[in-house]
Amino acid sequence: MKFDVQVLDKKWQQYWKDQKTYATPEDTAKPKFYVLDMFPYPSGSGLHVGHPLGYIGSDIVARFKRQRGFNVLHPMGFDSFGLPAEQYAIDTGVHPAESTATNTARYREQMETLGLSFDWDRSVNTSDPNYFKWTQWIIGQVFEHWYDRDAQRARPITELIAHLEQHGTDGINAAETEEKIVTAREFQAMTEKERSDLLMNYRLAFRSVSYVNWCEALGTVLANDEVKDGRSERGNHPVEQRPMLQWSLRITAYAERLLAGLADVDYSEGLKAQQVNWIGKSIGALVHFDIEGHDEQLDIFTTRADTIFGATFMVIAPELDLVDQLTTPEQRKEIDDYLAYVGRRSELDRVSENKVTGAFTGAYAINPLNNARLPIYIAEYVLKDYGTGAIMAVPSDDERDKRFAEKYGIEIIDVVDKSDYPGATLKDKLGKLINSDFLNGMEVPEAIEAATRRIESLDRGKEQVNYRIRDLVFSRQRYWGEPWPIVYDENDVPRLVPVEALPVTLPEMEDFRAVSGVSPLERAKEWVNTPLGRRETDTMPATAGSNWYYLRYMDPHNSDAFVSPEAVNYWQDVDLYVGGAEHAVSHILYSRLIHKFLYDLGKVPTSEPYKKLLNQGMIGGPISYIHLGVLLTEDGQRHPIWVSSDVAEGTPLSVDGVGSGHLVLDGSAGTRLTPLRFVTETSVNNESSMRLYRSSVEEAQRMEHQDAAYFRTILQQAGAFAWKTDREGRQYLELSVEQGKMSKRKYNAVNPDDICARYGADCFRMYEMFLGPIDQAKPWSVSGIDGVYRFLRRFWNLYVGEGDQLTMSDGAPTKQEMKVLHTLIKKVTEDIDKLSFNTCVSAFMVATNELTKLNCNKRAVLEPAVRLIAPFAPHLSEELYRALGGEGSVHHADWPDVEEKYLVEDSFTYPIAFNGKTRLTLDIPADATKQDVEDAARADTQVQGYLEGKTVRKVIVVPKRMVNFVVG
RNA sequence: GCCGCUAUGGCGGAAUUGGUAGACGCGCUGGAUUCAAAAUCCAGUUCCUCCGGGAGUGUGGGUUCGAUUCCCACUGGCGGUACCA
């Protein structure tokens, strides 16, 4: 038998596939363990070395748990619907179903190459009709329910209808779009269409006109989490706010439970904090202000009711309908001009400029506590979506109100004396109330309470909890997603497509490009018009399929239900969920929402989907940039040139064939990404730069390669290159470099296939684990992989000697050999449980070094070691296990138990410290008492040397730890 | 700004409840083997040093017989988020 990684990898991967070694048996007698990796989107570029970090970690746990006697569910599938697949299809002309199938096959192949122990028979695909039938069913159920705040759960819409018929809205405490009051009589008199419209106010999946993130370039609306800094996360296109008729999920109904549930799960503090921030709970007061000369009231939300005597004006969001009603004729022009200005401004301007602007409506509100007249302004800084979209402005205690007041010359009344709290800012709720009538002298928290109570007693408002989280926009005007299972009748009443008619599949279309705000499905006339009615043409976002997929793996082929009660009652929930931190908010939050909804329906037995979450750290790679500047020649001509990153503006330059002048960095200057394959690292201590040599540029001109083509393009953009010359006379440009997430777009992705081919999957797996703690970010580097390879060779050589023959002896192992083995068992068992895989690899190295030194060839030591390394190096361990005569697969073999008796030491090497500084060590019997240890130490001549001429003030002896002499 | 994470040799990193800082690996240095190289093996490798020692876990303080570990105040890096009333 030879240590030939390519042969071993292929042999055992084929064997596992043939034998279905990793199939999950329906064995409910065993305890279950569910290890899940986050659903990948199968992109065209395949896996890079950052992806497997999590996959290997979870695979080790899955294999470990199998060996420990658990029935392990460890599946993998693909999030194949969604924007990226569709954009790719539009760019390449390949139908998304086709590209998805190709990419999925490639992902699976790569995962098999890594030796991952997935049960592929349970694989799912969100774009598979057998799968999305149940996505549609679940969303249909959401549509058929409303949220009863008193019962704190979802209830069937039929129960709401029954209540409305008997009592109207009286006695209903529901999660709703807006507060509505309807009597039973009114409800009974309603037409079907009117009823349907009213119910939309309560449904958990509902259709409404609201301001949404519209992305013109993508031709669709986006959810809040798909927008970053006013641009689409996918494609980086500008996004604007537009009122549109859209389907949404009422996640706000579950805000409190989503918050409370975090206490029951094992997620990192950071991740919990992100969820808490996203939900954004704040406790404050809703206060009604009268408006002079109007019947309407102005409702505001504030967390600082105590500062109400400091309110000197009101501000409402420009988008509110109330604006039009409040504007006086004299102010009409000013308001219209301002609204036009706001309309012109993109989300991006708003975010980036952060300046205070506004306009006066001409109307006045009346402070309910002191009847002060407060001018009502509109201003961009007040958001229509938060609270009531209106505020009472207290310039003395709010940064933005202060800037606004200063700009428009509005009075500022100090109401909080912060002199007792030096260093406190306006945001801190600290200080003593002044100029505030009955609140004077109170500390802020007390005053908030008192003011709220007074407002309530005057019936001018109430305490209110407010959330930052918005309902989840669940419509996309795109082709590649699940169609909403909704049809509209002749009166435009939406009806759920019955389960027998599911799935609603996509029509075949030649051209599925989105056209401004209209779903491409509108063009599939035959598909849209059905005997049941007119189909909804919006599709669902990618999150629809991914927020419940972990349940489908429990029972992937069920055609009667999304999961059978038996399956879900056995598998319950995910014990360990591993994936990237980029899904910390959206994916985790939305699947928690759907899970809680299904819990309310009694379809799942647990209230949280993921018990423990591990976010693997990102593996970064260098991203190199080539710098573009302008050469301003003496005759005033401007020539674009590529320059070294360290060349400063104004530097005199002379470029062959162009002339001489100096460098200008202005509008046309900038950087372009450079494919790393053309770049050489600088030799000395400089990680922020790399060199692009002229020779590689010339090589690129000749190459037939995608990267070479891109590279030629960027070089053609500038007419000349201001080469520098190194010591050997070679010409180069210096590029700037930063570490970043691996992606094909940044030309820094490293493919795991090449590494597996060279070193074998076992080596790759152990090397990735050896890089450091799995949850920490780190740059990719192959330096060190040789060390892991050498270790595997040495491990192999413990078993296989000269002539590739097994060299096992059945002799009794020595005490020392058993100690090495059991130290290893203990360390690896504990560390896998702690998800500390890097230290496991070290432990294997230490044990291998020691056993090599001991020349150990005892079966009693080496056979258990094979079972221990199996989760990390599945191929090599399988080969050795079988060679040693093991039955079946090593991956079903029992995990060795640690026997403490082998770990007991006869003596302990005590560090002897003087005043806390360790000076020497002494071997003292392990069972020595404190006094024995002290006596033994004092008896030592070296110790006596240190103590000579000094007074021993105190001696500290910690048995089996250390000895410390405190001397003076 | 706010929230979270993080800081240890030339590098990745290790160090149960506070108890020998630098395990393991890379790199580097020297040696063995070889005609030579690769591969392999052995030894050394935190820094300073007058070879007695001394300093040392981002910085400054504190608690302690003893601090990488606990407390206080800073600084840098990474990630998230932001007119959220």
Side-chain angles (χ1 to χ4, degrees), chain A residues 228-229 268-278 280-282 284-285 300-304 307 315 350-351 353-356 379-383 385-394 397-401 403-404 425 427 466-470 581-582 584-585 615 617-618 620 685 687 739 741 766-767 770-773 775-788 790-791 793-794 797 830 834 836 838-849 852 909-921 953-958 960-967:
Chain A
K228 293 259 143 66
D229 297 329
S268 70
E269 282 310 308
L271 193 129
K272 284 187 182 183
Q274 278 185 54
Q275 297 235 334
V276 168
N277 290 343
W278 191 263
K281 179 180 183 175
S282 55
I300 62 103
F301 175 76
T302 179
T303 55
R304 293 297 303 275
T307 61
V315 187
R350 252 174 111 142
V351 170
E353 287 177 26
N354 195 16
K355 62 181 184 189
V356 180
E380 228 182 1
Y381 81 86
V382 171
L383 308 175
D385 281 333
Y386 189 76
T388 59
I391 61 161
M392 66 173 191
V394 183
D397 262 270
D398 182 285
E399 208 73 61
R400 297 146 306 170
D401 295 349
R403 277 189 286 154
F404 193 89
T425 65
K427 287 200 150 199
N466 201 29
Y467 299 92
R468 193 185 81 109
I469 192 171
R470 302 266 66 84
E582 65 272 24
V585 175
N615 285 124
M618 182 191 82
N685 64 28
E687 282 174 16
Q739 286 288 323
K741 186 175 177 170
M766 291 195 97
Y767 178 62
F770 191 56
L771 284 173
D775 54 352
Q776 255 164 54
K778 52 211 133 221
W780 174 254
S781 144
V782 280
S783 76
I785 195 166
D786 289 307
V788 175
R790 275 196 282 273
F791 148 71
R793 278 293 284 267
R794 294 226 303 229
N797 289 340
E830 285 174 0
K834 283 191 289 186
S836 173
N838 56 326
T839 52
C840 290
V841 179
S842 299
F844 282 117
M845 288 173 171
V846 171
T848 304
N849 291 346
T852 304
T909 307
Y910 279 86
I912 312 295
F914 300 88
N915 289 339
K917 291 272 175 206
T918 303
R919 297 298 176 188
L920 58 121
T921 58
R953 295 231 175 99
K954 201 173 174 186
V955 181
I956 289 136
V957 177
V958 184
K960 293 175 88 173
R961 283 268 184 240
M962 45 61 71
V963 178
N964 188 17
F965 287 93
V966 186
V967 296

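Every chain is numbered from 1 and lettered A, B, ... according to where its sequence line falls, protein lines coming before strand lines.
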Enquirer: With the side chain of Gln776(A) defined as its heavy atoms from C-beta on, choose the nearest nucleotide among C24(B), G13(B), A82(B).
Expert: G13(B)

Enquirer: The side chain of Ala273(A) is closest to which nucleotide in this list: G4(B), A85(B), C65(B)?
Expert: G4(B)

Enquirer: Can you list the stems that RNA chain B is part of, where a stem is at least 3 pairs in a row, each Watson-Crick or G-U, with both distances below 3.5 Å?
Expert: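 Stems (3+ consecutive pairs) listed as B:1-7 with B:75-81, B:10-12 with B:24-26, B:27-32 with B:40-45, B:46-48 with B:53-55, B:58-62 with B:70-74.
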
Enquirer: Looking at the side chain of Leu383(A), which of A85(B), C24(B), G13(B) is the nearest nucleotide?
Expert: A85(B)

Enquirer: Quick one: which of G80(B), G19(B), A85(B) gets closest to the side chain of Met962(A)?
Expert: G19(B)

Enquirer: Given A82(B), C83(B), C65(B), identify the nucleotide with an atom nearest to the side chain of Tyr381(A).
Expert: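 Output: C83(B).
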
Enquirer: If you find the nucleotide of RNA chain B closest to Gly270(A) and the one closest to Val382(A), which residue's nucleotide is nearer the 5' end?
Expert: Gly270(A)

Enquirer: Round to the nearest Å and state the distance from Asp786(A) atom CG to U40(B) atom C1'.
Expert: 13 Å

Enquirer: Would you mind classifying the nucleic acid contact of Asn466(A) as base, sugar-phosphate or nothing, using non-hydrogen atoms under 4.0 angstrom?
Expert: nothing

Enquirer: Within the structure shown, what part of the strands sits under 4.0 Å from Thr918(A) by heavy-atom distance: base, sugar-phosphate, or nothing?
Expert: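 Sugar-phosphate contact only.
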
Enquirer: With a non-hydrogen cut-off below 4.0 angstrom, is Pro773(A) in contact with a base, only sugar-phosphate, or nothing?
Expert: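 Sugar-phosphate contact only - Pro773(A) comes under 4.0 Å of backbone atoms but never of a base.
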
Enquirer: Are Met766(A) and Phe791(A) close enough that some pair of their side-chain heavy atoms sits under 4.5 Å apart?
Expert: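 Yes. Closest side-chain heavy atoms under 4.5 Å.
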
Enquirer: From the options U40(B), G13(B), C65(B), select the nucleotide whose nearest atom is closest to the side chain of Val966(A).
Expert: C65(B)

Enquirer: Given that Tyr910(A) and Val841(A) both sit by RNA chain B, which one's nearest nucleotide is further toward the 5' end?
Expert: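 The 5'-side residue here is Tyr910(A).
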
Enquirer: Between C3(B), G54(B), A85(B), spot the one nearest the side chain of Asn277(A), thanks.
Expert: C3(B)

Enquirer: Run the side-chain hydrogen bond (donor to acceptor under 3.5 Å, both in side chains) test against Gln275(A) and tell me which residues pass, sequence neighbours left out.
Expert: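 By the side-chain hydrogen bond (donor to acceptor under 3.5 Å, both in side chains) rule, Gln275(A) matches Arg592(A).
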
Enquirer: The side chain of Glu269(A) lies closest to which of these nucleotides: A14(B), G27(B), G4(B)?
Expert: G4(B)

Enquirer: Which nucleotide sits closest to the side chain of Lys778(A): G4(B), G13(B), C65(B)?
Expert: G13(B)

Enquirer: Quick one: label Val958(A) by what it contacts on the DNA or RNA (base, sugar-phosphate, nothing), any heavy atom closer than 4.0 Å.
Expert: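 Base contact - Val958(A) has a heavy atom under 4.0 Å of at least one base atom.
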
Enquirer: Under the salt bridge (Lys or Arg N to Asp or Glu O under 4.0 Å) rule, collect the residues that match up with Glu582(A), sequence neighbours excluded.
Expert: Lys741(A)

Enquirer: Taking the side chain as C-beta and beyond, is there a heavy-atom pair between Asp401(A) and Ile391(A) under 4.5 Å?
Expert: yes

Enquirer: Under 4.0 Å, counting only non-hydrogen atoms across every strand here, what does Arg790(A) touch: a base, just sugar-phosphate, or nothing?
Expert: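 Sugar-phosphate contact only - Arg790(A) comes under 4.0 Å of backbone atoms but never of a base.
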
Enquirer: Of the nucleotides A14(B), C65(B), A85(B), which has the atom closest to the Ser282(A) side chain?
Expert: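 The closest nucleotide is A85(B).
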
Enquirer: Using a heavy-atom cut-off of under 4.0 Å over every strand shown, decide if Asn964(A) touches base, sugar-phosphate, or nothing.
Expert: base

Enquirer: When you compare the side chain of Ile785(A) with that of Phe770(A), does any pair of heavy atoms fall below 4.5 Å?
Expert: no

